[in-house]
2 protein chains.
Amino acid sequence: MGKITILDVAQSAGVSVATVDRVLNRRNGVRKVTVERVESAIRQLNYQPDRLAARLARSRDYRFCFVLPTGNNVFMVTLGEEVRAAAERMAPERVVIDMRLTDVFDGHALAHTLDQIGDIYDGVAVVALDHPSVREAISGLTQRGVTVVTLVSDIPGSKRVHYAGIDNTAAGRTAASLMGKFLGSRQGEVGLIAGSLALRDHIERQFGFEQIMTHEYPHLSILPVREGRDDWQRVEEVTTQLMKEHPNLVGLYNAGGGTRGIITALEKAKRERDIVFIAHELTDHARKALIRGTVDAIINQDAGHEVRSAVRVLLAKADNGPLIEAQERIRIDIFLRDNLP
Amino acid sequence: MGKITILDVAQSAGVSVATVDRVLNRRNGVRKVTVERVESAIRQLNYQPDRLAARLARSRDYRFCFVLPTGNNVFMVTLGEEVRAAAERMAPERVVIDMRLTDVFDGHALAHTLDQIGDIYDGVAVVALDHPSVREAISGLTQRGVTVVTLVSDIPGSKRVHYAGIDNTAAGRTAASLMGKFLGSRQGEVGLIAGSLALRDHIERQFGFEQIMTHEYPHLSILPVREGRDDWQRVEEVTTQLMKEHPNLVGLYNAGGGTRGIITALEKAKRERDIVFIAHELTDHARKALIRGTVDAIINQDAGHEVRSAVRVLLAKADNGPLIEAQERIRIDIFLRDNLP
DNA sequence: CAATTCTTGATAGGCGTACATCAAAAATTG
DNA sequence: CAATTTTTGATGTACGCCTATCAAGAATTG
């Protein structure tokens, strides 16, 4: 039983290959009746177009654009590297991946960038600030036929077809559960530091964290959030101050960046064994501190996975190929010293 | 700058496309001098054969075989389902995936199966028992030009080109770290249950677990391993007995299957809040018990990921395509109630 | 040096689809 | 019913590589 080709479909439907092709590629100029006849033949024969041949024949490139935030946030830098790696890897397969940097905190700027790149690309992956004008820009792109995927940070109500990132509320809950379990019956205060409350993901993490802490571990009291602005020096100051103000501090959760600052502060104060510290993102500093024991657990999202997933989704939408649901689900990784990758 | 094709290489090397093709596909009948000339041209032009076109042109199918253990171990059943799913998914891309079941505990039987399937397949993925005759069979396959990948359970010294699975020693260490951190300053005994000591992975987990427990948590004493044979009813008995014999039992680690038995035993004895329980593999029972709180953490390997990875590796070896290292690294997942997928 | 073997070139057909073109047939309109 | 528009068929070229064949050239052998 050889492969079923477009020719078999044509014969079975009693039309020419040209017509089948017209139906397949949604070109107009085909009567509804004929379209239906062809489609039924496709279903009956279970015809599956050969994507390899299709991509070979359509010698056009697929063009995707990744829109990332400017700045030197460690995680975002990593993300950028992964995008570059993906670009290189996909090049021989006729997939061109560009990258643009924009100020994510400025909704209008981001929206403007998105508007600009409209017609050049088949798909866009964007680290999205949840802002009305950004939402609007995404709608615009979608209407112009550009597939949009959100990356790392989502805009739930928007027209994006997919979100390649983790559930940050769940991530916050995970942090809280770990904190509670690690602290056991110990009593005291738990400090919470976020990057900026302007970012959706940090707020969600904070929400999830507080939710679990208050419900399940009421013997621990959560201190008001402190903003560290993802800057490690500032985070260090905040941490030091926190320890001074609260001698009974037993736990720390950093929902944002600048983990390095907390590590430094804890070690300077020689409280690293004493205070349970949980943070996000497996950076070099975090990794080493995890091994030393200063950090007790890292909650991570795999940037490489996120980028590869976004690319796969964009590509699948572009030539309407299949998607493997499970493969595109980004996990909330928990890393201890012992299961580091 | 259009794509560099085989024609460009031919011209640059001053030979015909036929010769370039001979070199590329390692066909014989080409002088060393010429081979080198062509290869240098390839390098200079940075020629990358178009894998899409290649796979289209070679109308032969790629044939792979997955060799899994017989029996109704939950994890292995899941693995089998993933193989079936992969087979279906890859079919339209000219990849045929077969599956065979064998008694894994019998080295000779497994080796015999491997010997049999020699010439039909381009690649084999096998859940490998570490046994001399299996090792020998893998060597044989490799020599006959069949790519071999081990799956879930490895044979380190063998000729397999890749292992798609987790580091089980590290998994055991991870379990121990969690156990130690969850128990905090509590004192008492920790029970350890394995499926069978005939399986390499369980031994490794046990080793890793004991290693960390004795070194880092000396205030906890580990009880001698009990064999549960991956059978939940037997595991339940063992657990019940363990609790009776050791009234001061504070933790349980199940390195093998039959987690359901422990769940039942703990809940019957109303010790589920009291005893910290860590197990492997996110089965349905484990999942629900994790949510109820009977299970404190699950250490998991993603069967789907392992199968997909094995297929990617086999395919890459078959048409010497590139591999993404990071993508093929199977993670040791830690699941709490809050980061369930 | 002739006979043989080993290398290479030239060329053609095929893989399954995309895309374009032109003419023929069918449906729609006034 | 003629004129127009829409739909369809037939066909060819392209994508980049694989595979096979045959003849010619080069190197090796005795």
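A, B, ... follow the sequence lines: proteins, then strands. Residue 1 opens every chain.
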Inset, instruction - Specify the separation, in whole Å, of atom CZ of A/R37 and atom C1' of D/dT7. - result: 12 Å

Inset, instruction - Could you pick out which residue, B/R22 or B/A53, lies toward the 5' side of DNA chain D when each is mapped onto its nearest nucleotide? - result: B/A53

Legend entry - Per A/K3 side chain, nearest of listed nucleotides C/dA18, C/dG16, D/dC18: C/dG16

Inset, instruction - Would you mind reading off the distance between A/L7 atom CG and D/dG9 atom P, rounded to a whole angstrom? - result: 13 Å

Inset, instruction - For B/V17, report the nucleic acid contact type (base, sugar-phosphate, nothing); a contact means any heavy atom under 4.0 Å. - result: base

Inset, instruction - Verify, without hydrogens or angle tests, whether B/D50 (side chain) and B/L52 (backbone) share a donor-acceptor contact under 3.5 angstrom. - result: yes

Inset, instruction - Send over the distance from B/R26 CZ to D/dC17 P, rounded to a whole Å. - result: 16 Å

Inset, instruction - Look at all strands and tell whether A/D21 reaches a base, only sugar-phosphate, or nothing, counting heavy atoms closer than 4.0 Å. - result: base

Inset, instruction - Compare side-chain N and O positions of B/T19 against OP1 and OP2 of C/dG9 and report whether any pair is under 4.0 Å apart. - result: yes

Legend entry - Sidechain-backbone polar pair: B/R63 side chain, B/V96 backbone, donor-acceptor under 3.5 Å: no

Inset, instruction - Could you say whether B/N28 or A/R31 is positioned toward the 5' end of DNA chain C, judged by the nucleotide with the nearest heavy atom to each? - result: B/N28

Legend entry - Sugar-phosphate only, base, or nothing, as touched by B/L56 at under 4.0 Å among non-hydrogen atoms: base

Legend entry - Nucleotide C/dG9, atom P - distance to CD of B/Q11 in whole Å: 12 Å

Inset, instruction - Ignoring backbone atoms, establish whether B/S16 has a side-chain N or O less than 4.0 Å from OP1 or OP2 of C/dT8. - result: no

Legend entry - Short side-chain N/O contact to D/dC15 OP1/OP2 from A/R94, under 4.0 Å: no

Legend entry - Rounded distance in Å - CD1 (A/I4) to P (C/dT17): 10 Å

Legend entry - Beyond-backbone contact of A/L114 with A/V67, side-chain heavy atoms, under 4.5 angstrom: yes

Legend entry - Backbone of A/V95 reached by a side-chain donor or acceptor of A/D61 within 3.5 Å: no

Legend entry - Beyond-backbone contact of A/E306 with A/E328, side-chain heavy atoms, under 4.5 angstrom: no

Legend entry - Nearest-angstrom distance from the residue atom CD of A/Q48 to P of C/dG16: 14 Å

Inset, instruction - Round to the nearest Å and state the distance from A/I6 atom CD1 to D/dG9 atom P. - result: 13 Å

Legend entry - A/V124 side chain near A/T147 side chain, heavy-atom distance below 4.5 Å: no

Inset, instruction - Classify the nucleic acid contact of A/A18 as base, sugar-phosphate or nothing, counting any heavy atom under 4.0 Å across all strands shown. - result: base

Legend entry - Below 4.0 Å: OP1/OP2 of C/dC15 and any side-chain N or O of B/R58: no

Inset, instruction - Compare side-chain N and O positions of A/S59 against OP1 and OP2 of D/dC15 and report whether any pair is under 4.0 Å apart. - result: no

Inset, instruction - Figure out the CG/P separation between A/L24 and C/dG16, and round it to whole Å. - result: 15 Å

Inset, instruction - Please check the phosphate of C/dT17 (OP1 and OP2 only) for any side-chain N or O of A/Y47 closer than 4.0 Å. - result: yes

